[in-house]
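Below is one structure, written out as structure tokens; comments come after it.
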There are 2 protein chains.
Amino acid sequence: MATHKRAEFTEAEQRLAAIAKALGHPARVAIVRLLAQRRACVCGELVLELPLSQSTVSQHLKELKAAGLVQGEIDGPRVCYCLDLTGWAMARRLLGDLLAAMPTPEAAAPGCC
Amino acid sequence: MATHKRAEFTEAEQRLAAIAKALGHPARVAIVRLLAQRRACVCGELVLELPLSQSTVSQHLKELKAAGLVQGEIDGPRVCYCLDLTGWAMARRLLGDLLAAMPTPEAAAPGCC
DNA sequence: TTTGCTTATCGTCGATTTACGATTGCAAAC
DNA sequence: GTTTGCAATCGTAAATCGACGATAAGCAAA
């Protein structure tokens, strides 16, 4: 099998993978969509909008926060969540780069498949 | 905790999540990048380019195939892998939709955070 | 047919994810 | 100082993931 190239993975690859992973669950896609929709920051309303328990929603929010896609600020007894626009700018850049590198069906590649 | 809305999740949310999940690993990002780079379909060369064993690479390819992002054709003793352009068109659409729904830092939202 | 190469699959292991209820923590209101 | 309400965390259980070596399967050439 020869030896590996041990190239490990690029910083960009890991960042992109982390963002993609954070979006790799329907609930988290739904959450960011909800946050984008009502620009005003909802908090526990998310629980009412989702078919999940409060603790589960809290965990998903934690992962989105870790991925840098969501911010949370304590606002009195409740917590105000909203999108982390800086993180989304990064996501836009990384995803855009990847998609730009992928050929489109129109520009059919001369490849074998 | 009131009762849930039981909205479950949209078809689009699930599709997008599946695609994102497939890209949620650095190795798989690296694989699709390699496939885009050398338009000609590489096969086991991927193993040489990645710091992973043959079986692991095969599994990642299987997941990418399941997500509709990669195609494989048997070509004699080896297998010819390449991007599934139809799948990438879908990915482009779904990811584009999501990113379009997200506010940019310039268009600062009047929200609370 | 047998050999050799390439890829897929099996079996396994530990780590991680997903989900939930129960508990804790915290800030405001009483 | 209590009480109330919201959200985070803990603990847990089932499922999935990521990785590997070993083994099987497929095809071409010898």
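Here is how names work: the chains are called A, B, and so on, in the same order as the sequence lines, proteins then strands, and each is numbered from 1.
Remark: B:Arg15 engages B:Glu11 in a salt bridge (Lys or Arg N to Asp or Glu O under 4.0 Å) (not counting sequence neighbours). Partners of A:Ser55 by side-chain hydrogen bond (donor to acceptor under 3.5 Å, both in side chains), not counting sequence neighbours, listed by chain and number: A:Ser53. Partners of B:Glu63 according to the salt bridge (Lys or Arg N to Asp or Glu O under 4.0 Å) rule, which considers only residues two or more places apart in sequence or in another chain, are B:Arg28. Annotation: side-chain hydrogen bond (donor to acceptor under 3.5 Å, both in side chains) contacts of A:Glu45 (sequence neighbours excluded): A:Arg38. With sequence neighbours excluded, no residue satisfies side-chain hydrogen bond (donor to acceptor under 3.5 Å, both in side chains) with B:Gln59. With sequence neighbours excluded, no residue forms a salt bridge (Lys or Arg N to Asp or Glu O under 4.0 Å) with B:Arg78.
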Shorter than 3.5 Å, N or O on both sides, protein versus nucleotides 15-17 of chain D: list them out with atom names.
from, atom 1, to, atom 2, distance (Å)
D:dC17, OP1, B:Lys21, NZ, 3.4

Please list, for nucleotides 7-10 of chain D, all pairs of protein and nucleotide N/O atoms separated by less than 3.5 Å.
from, atom 1, to, atom 2, distance (Å)
D:dA7, OP1, A:Gly44, N, 3.0
D:dA8, OP1, A:Tyr81, OH, 2.1
D:dA8, OP2, A:Ser58, OG, 2.9
D:dA8, N7, A:Gln54, NE2, 2.8
D:dA8, N6, A:Gln54, OE1, 3.1

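We find that CD of B:Glu73 is positioned 14 Å from P of C:dT7, with the value rounded to whole Å. Atom CG in B:Leu50 sits about 11 Å away from atom P in D:dC20, given to the nearest Å.
Scanning both residues, A:Ala91 and A:Leu69, for their nearest heavy atoms gives CB-CD2, 4.3 Å.
Residue pairs meeting the ring-ring contact (aromatic ring centres under 6.0 Å, His included) criterion with at least one partner in residues 24-64 of chain A, sequence neighbours excluded, are A:His25-A:His60.
Regarding contacts with the backbone of C:dA19, a side-chain N or O of A:His60 is found under 4.0 angstrom from either OP1 or OP2.
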